[in-house]
Amino acid sequence: MKEKDWKVLKVIEVLMRHYEWVPLDEIIKKTKIEDREVHYRLKILDRFKLINRSSYGYRLSHKGYDGLALNTFIKREVIRAIGGKLGVGKEGDVYNVLLSNNREAVLKFHKLGRTCFTRGKRYRSYLADKRHISWLYASRLTAEREFQVLNDLFPIVKVPEPIEQNRHCIIMGKLDGIELKKVDLISFNIDIDKLFWDIIEEIKKMYEIGYIHGDLSEFNILINEKGDFLIIDFPQALQIKDNSKLIKIDKLPLELEIDKEFYLKRDLENILRYFRKYGIEEDLNNIYKYVIEGKRG
Ligand SMILES: Nc1ncnc2c1ncn2[C@@H]1O[C@H](COP(=O)(O)OP(=O)(O)O)[C@@H](O)[C@H]1O
Ligand SMILES: [Mg+2]
């Protein structure tokens, strides 16, 4: 890919705000590149499947959007190489990357919108007549949201270090470990009771900063053999404090109060259920009280 290929691709990205299929003459006008050259560049982009085309014109493909973000990270000299796939999550693909300082990290491409804005009217009305770019917009919004949450939590809470964000991608610190779901803790030779309380402590710190995870379970906690762990996957996190650093929520306070209890109890119940297998019997209401008030019943 040459500089001009990227230029044409970026122009298509920008013009997608106005067109479902971007007409050829608009691309030519905006790139200020000669007709024949633009034709040639489009052919290359099509061959790499970075664009789709129809009789009406051209549009960015998912792969094209991934490519634009990756190219930005490379140009900013954030990453040096991209490696194998680490995980195929529900809504994002996660890859190993090598940062320019030779440190290993992970890159997550968000595929769908999953922020709590999706519950808001503002978001829906904005996208109502722009369905053709909703995936672009929603996946970017989700990445921005997750990056924001990580920035607010790191390093106080054990979450991945936020490194960079562009379009629908985030780059974050990596833990060489696996999901709690996939391990047998007995074989790890660690203090399971301590691990349980350490996780509760992180949930408590998170709550004090102003967040409830909202999708917490043994799938979203990574652990290594030493027992170090990280809580991951934050796009849907519920913001419970109107910290000016954070994006404002347009929700009724009462509604938020009800949501708060519901989501926090659901997160805690998932953790309790998981640890019950290991003989830990704690009461949900006691733990809930401890998280929100700091007192163990
Ligand atoms: N910071 C990280 N370090 C190591 N592995 C990670 C990291 N973030 C994600 N992964 C891997 O990618 C998978 C999917 O990531 P996750 O953020 O949970 O996205 P999804 O919304 O798709 O579940 C995880 O289950 C885990 O295996
Ligand atoms: Mg996950």
Side-chain angles (χ1 to χ4, degrees), residues 62 65-66 69-70 73 78-99 101-119 135 138-185 188 195 198-199 202-203 206 211-238 263 266-271 273-274:
H62 286 264
Y65 200 43
D66 293 353
L70 268 183
F73 289 135
V78 181
I79 62 171
R80 166 185 298 219
I82 177 159
K85 227 182 211 178
L86 246 180
V88 192
K90 284 169 295 176
E91 324 202 10
D93 294 342
V94 178
Y95 292 84
N96 276 306
V97 287
L98 192 63
L99 302 180
N101 59 10
N102 281 327
R103 198 180 122 199
E104 273 189 55
V106 303
L107 183 152
K108 178 172 173 184
F109 288 109
H110 288 267
K111 294 296 176 207
L112 285 173
R114 193 160 56 113
T115 68
C116 63
F117 303 119
T118 50
R119 289 188 231 136
W135 65 270
S139 58
R140 192 194 79 209
L141 204 63
T142 307
E144 285 172 354
R145 175 67 177 172
E146 182 159 36
F147 198 67
Q148 174 74 55
V149 179
L150 292 179
N151 269 300
D152 290 332
L153 297 178
F154 184 86
I156 299 164
V157 183
K158 290 183 180 159
V159 300
E161 176 190 356
I163 297 171
E164 281 272 349
Q165 183 259 324
N166 182 257
R167 294 181 173 83
H168 60 321
C169 290
I170 61 176
I171 296 182
M172 58 185 152
K174 176 183 167 178
L175 180 80
D176 256 318
I178 48 173
E179 292 94 342
L180 265 189
K181 170 73 192 170
K182 294 184 188 154
V183 303
D184 174 14
L185 288 179
F188 268 28
L195 175 65
D198 284 350
I199 291 172
E202 296 308 306
I203 298 172
M206 217 185 282
Y211 286 107
I212 293 170
H213 187 289
D215 189 22
L216 194 61
S217 72
E218 60 274 40
F219 290 94
N220 284 329
I221 300 178
L222 302 178
I223 189 164
N224 68 14
E225 294 205 8
K226 285 190 284 179
D228 304 324
F229 68 91
L230 271 191
I231 301 178
I232 59 164
D233 204 358
F234 283 90
Q236 71 297 312
L238 190 68
Y263 287 107
R266 194 176 67 178
D267 281 358
L268 292 170
E269 178 50 33
N270 285 337
I271 301 303
R273 181 186 34 72
Y274 175 82

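All values derive from a computational prediction rather than experimental measurement. Start at 1 and go down the list; that is how both ligands and their atoms are numbered.
With ligand atoms numbered from 1 in the order given, ligand 1 contributes 16 (P), 17 (O), 19 (O), 21 (O) to contacts under 4.0 Å with heavy atoms of K108. Counting the atoms of ligand 1 from 1 in the order shown, those under 4.0 Å from a heavy atom of G92 are 22 (O). Taking every non-hydrogen atom of I232 and a distance limit under 4.0 Å, the qualifying atoms of ligand 1 come out as 9 (C), 18 (O), 24 (C). Of all the atoms in ligand 1, the ones that sit under 4.0 Å from a non-hydrogen atom of P160 are 1 (N). Which parts of ligand 1 touch L86 is read off a 4.0 Å heavy-atom cut-off, strictly below it: atoms 5 (N). Counting atoms of ligand 1 from 1 in the listed order, those under 4.0 Å from a heavy atom of K174 are 3 (N), 4 (C). Each of the following atoms of ligand 1 lies closer than 4.0 Å to a heavy atom of L175: 3 (N), 4 (C).
Nearest N/O/S atom of D233 relative to the Mg ion (ligand 2): this is OD2.
Here's the thing with G173: one of its N/O atoms is less than 3.5 angstrom from an N/O atom of ligand 1. Considering backbone and side-chain N/O atoms, E146 never comes within less than 3.5 Å of an N/O atom of ligand 1.
For the salt bridge (charged side-chain N to carboxylate O under 4.0 Å, His left out) criterion with K108, the lone passing option out of D233, D66, D93 is D233.
Counting heavy atoms under 4.0 Å from ligand 1, residue L222 touches it through the side chain alone. Contacts with ligand 1 closer than 4.0 Å are made by side-chain heavy atoms of N220 only, the backbone lying farther away.
Here E269 does not pair with R273 in a salt bridge; the nearest charged N to carboxylate O distance is not below 4.0 Å.
Atom CG of L185 is separated from atom CD1 of I223 by 5.5 Å, given to the nearest 0.5 angstrom.
Between the N96 side chain and the G83 main chain, no donor and acceptor come within less than 3.5 Å of each other. Although no hydrogens or angles enter the test, the distance criterion places no donor-acceptor pair under 3.5 Å between the side chain of Q236 and the main chain of G214.
Side-chain atoms of M172 and I232, non-hydrogen and from C-beta on, never get closer than 4.5 Å to each other.
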Check: Given Y274 and N270, is the side-chain contact (heavy atoms from CB on, under 4.5 Å) satisfied, shown in steps?
Finding: CA-CA 6 Å; Y274 175 82; N270 285 337; over 6 Å; no
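Legend: ring-ring contact (aromatic ring centres under 6.0 Å, His included) pairs involving residues 149-176, not counting sequence neighbours, sorted by first then second residue: Y65-H168, F109-H168.
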